[in-house]
Amino acid sequence: MKHSKILFSVLCNCCFIVQCTAQINAYQYHSQKKVSASKGAVVSAHPLASKVGIEILKSGGNAIDAAIATQLALAVVYPGAGNIGGGGFMVAHLKNGKNITIDYREMAPAKASRDMYLDANGNPQMNLSQDGHLASGVPGTIAGLFASLKYAKLPFKRLIQPAIDLAEKGFAISEAQAADLNELKKEFLQLNTYPVVFVKELLWKKGDTLIQKDLANTLKRVRDLGAKGFYEGQTAALIVSEMIKGNGIINLQDLKNYKSKERTAVEFDYKNYHIVTMPLPSSGGIILQQVLKMIEKRNIGSMKFQTAASVQLMVETERRAFADRAQFLGDADFVKVPVKTLMSDKYITQRMADFKPGKAGSSQVIKAGNIKESEETTHLSIIDKEGNAVSVTTTLNGSYGSRTVVSGAGFLLNNEMDDFSVKPGVPNMYGALGAEANAIAPGKRMLSSMTPTIVLKNKQPFMVVGTPGGTTIPTSLYQSIVNIIDFGMTAEDAVNKPKFHHQWLPDEILVEDDFDAATITALQAMGYNVNKRGQIGRTELILITTGKTKSIIAVGDKRGDDDAQGY
Ligand code: GLY
């Protein structure tokens, strides 16, 4: 196929004319891992999406405009996690000093029920909560994008056009994407009722063009009709007819009823910094506050990066925070969550009272405090020249979600229902446990770990950061923040150095393959069970220093196709 450059009409003020547009070559591109900039920056999981975002900034859009356009582009060029059939969270610090969060997490359909994934003997059928039609919650992404539009400057039509072009004209897939699509071929064939664009007869290879005409048409309906172009009319009818084909339960009323919600951010001080992050239904903000507050007075900086002492301290804070997550956390619109207590200094201090340096704790002994979620999510971080900062994490849950594509509408549905606690004590795909607080109920939102975060210094954005990774999200964030603030690392090192994770149960420390061998040996000598695993997260970090001149360093994680753009 002869490739030509896609000329994104989005950047034209007047109309969709080629002459006044920036050129993004969708067939030849590479990942830029780090950029220094003075005005604005965009970091995301895919070079084409980052380029779309930066062009929006350059053409007068603000960080919220860029976040909307980047998310829509990711839904096309990064279909494993970028989405319109899933959900997400946005945390933003606006130039007027206001902090906002938008929750567009998926919601359980009206026909969902507590035991819907249990068989007649009460045994969980995890394939149903993870694969195919019944695994999907009502998608929230399009509602979330329209909710954020009130903070944007440019018309929605301009923000969505690059995604439409990329879907209609196609783009060259990366090596990693080719490998993913080849690996999932069997599932795509099993879980779909008609041929999907992600399957072809021969193996996919790097540079092959992926064209998504049905998706382009869905995006055009959203462009022309707004959120109704997704939640009502033809797209809604296609979703419901897909549900009927595969025994799914999302109906027209569920779609019409879906609402995103602005929520009060989790905000707290850590040393001389102010952290702004996501509240429930994400567990991430609460976990991040708990773990950072548990180490705040313990001078972790003097213990140095990834020594046995510093890793042990952080692991023990993670153990305690995740025990609380399993017991207490769920959608606070549905269940009573003791948020104030969980985040109080007194409670947090008391949680570490039994910490013993040099000796492994035990999850049999350390349970939740005594008071009456594959990892294919994706993150983008953006800063603009006006001082608006946006941190968005969005997800289909597993890689390519439920692997079910809505026939005729061309987008993948999420498998987010698995983030509920299908049965108390039964781990989900991330090994996370849950209790009654995260049980399934109609209209309820499943507990998440997504932790889009902004760190302020002197009331100005200092870090814009986030990552995919299921339950490893808050612990990766924790490490990125401590790496910068306490270990004085560069942005690149803070993102790319090996990461570790502990989540109470299973009682083990997971470390990336390149984690320091001597530290592993020392942790084992303390009594820890340490296991290697593949990569943890894909962090997108922007670091802003303000002095006489503003300096921006944006870094995309080395672990994927992640890409940083700036100007
Ligand atoms: N589906 C991953 C999360 O929300 O944490």
Side-chain angles (χ1 to χ4, degrees), residues 45 71 74-75 78-91 101-108 117 126 129-131 135-141 144 260-261 263 266 277-288 318 321-322 324-326 329-332 373-380 391-403 412-422 427-434 437-438 440 444-453 465-478 501 503-504 535-539:
Q71 283 175 86
L74 281 169
Y78 191 60
N83 67 81
I84 57 172
F89 299 130
M90 179 180 101
V91 173
T101 81
I102 301 178
D103 160 10
Y104 42 105
R105 181 71 164 163
E106 299 91 326
M107 176 183 93
Y117 298 114
M126 302 309 281
S129 68
Q130 292 176 8
D131 306 325
S136 299
V138 183
T141 296
S260 64
K261 299 187 182 185
R263 297 193 185 272
V266 167
T277 185
M278 195 66 208
L280 291 169
S282 175
S283 61
I286 293 174
I287 292 175
L288 193 61
E318 291 171 8
F322 273 89
D324 283 354
R325 178 196 199 273
L329 302 193
D331 182 347
E373 41 263 60
S374 143
E375 305 179 353
E376 280 306 325
T377 295
T378 190
H379 181 81
L380 52 114
S391 189
V392 171
T393 314
T394 174
T395 187
L396 288 168
N397 197 20
S399 182
Y400 293 83
S402 63
R403 270 91 78 227
L412 283 149
L413 286 167
N414 66 83
N415 60 346
E416 218 72 61
M417 291 297 283
D418 192 62
D419 270 348
F420 278 119
S421 176
V422 165
N428 72 2
M429 71 163 75
Y430 304 110
L433 295 174
N438 191 32
I440 304 170
K444 192 174 171 186
R445 296 175 191 218
M446 54 296 282
L447 188 62
S448 172
S449 299
M450 295 188 288
T451 320
T453 296
V465 62
T467 180
T471 48
T472 69
I473 293 173
T475 59
S476 291
L477 252 287
Y478 180 28
H501 173 72
Q503 60 178 49
W504 180 54
Q535 67 183 48
I536 296 180
R538 283 170 60 170
T539 300

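Order of listing sets the numbers, starting from 1, for every ligand and every atom in it.
- The N397 neighbourhood of ligand 1 comprises atoms 1 (N), 2 (C), with distances under 4.0 Å to a heavy atom of that residue.
- Heavy-atom contacts of M450 reach the following atoms of ligand 1: 3 (C), 4 (O), 5 (O) (cutoff under 4.0 Å).
- In this structure, OG on S282 lies 11.5 Å from CG on D331, to the nearest 0.5 angstrom.
- Some N or O of S448 is nearer than 3.5 Å to an N or O of ligand 1, by distance alone.
- Within the 4.5 Å cutoff, the side chain of T471 has no heavy atoms near those of the W504 side chain.
- Between M446 and ligand 1 there is no heavy-atom distance shorter than 4.0 Å.
- The proximity of E106 to ligand 1, defined as any non-hydrogen pair under 4.0 Å, does not occur for either the backbone or the side chain.
- Interface of D419 with ligand 1, defined as ligand atoms under 4.0 Å from a residue heavy atom, comprises 1 (N), 2 (C), 3 (C), 4 (O), 5 (O).
- Two residues are said to be in side-chain contact when any heavy atoms from C-beta on lie closer than 4.5 Å; T393 and P452 meet this criterion.
- The minimum heavy-atom distance linking R105 with F89 is given by the pair CB-CE2, 3.7 Å.
- Contacts between T471 and ligand 1, counted as non-hydrogen atom pairs separated by less than 4.0 Å, are absent for every part of the residue.
- Remark: F420 pairs with no residue by the ring-ring contact (aromatic ring centres under 6.0 Å, His included) rule, at least two apart or across chains.
- In this structure the side chain of V465 reaches within 4.5 angstrom of the side chain of L477, judged on heavy atoms.
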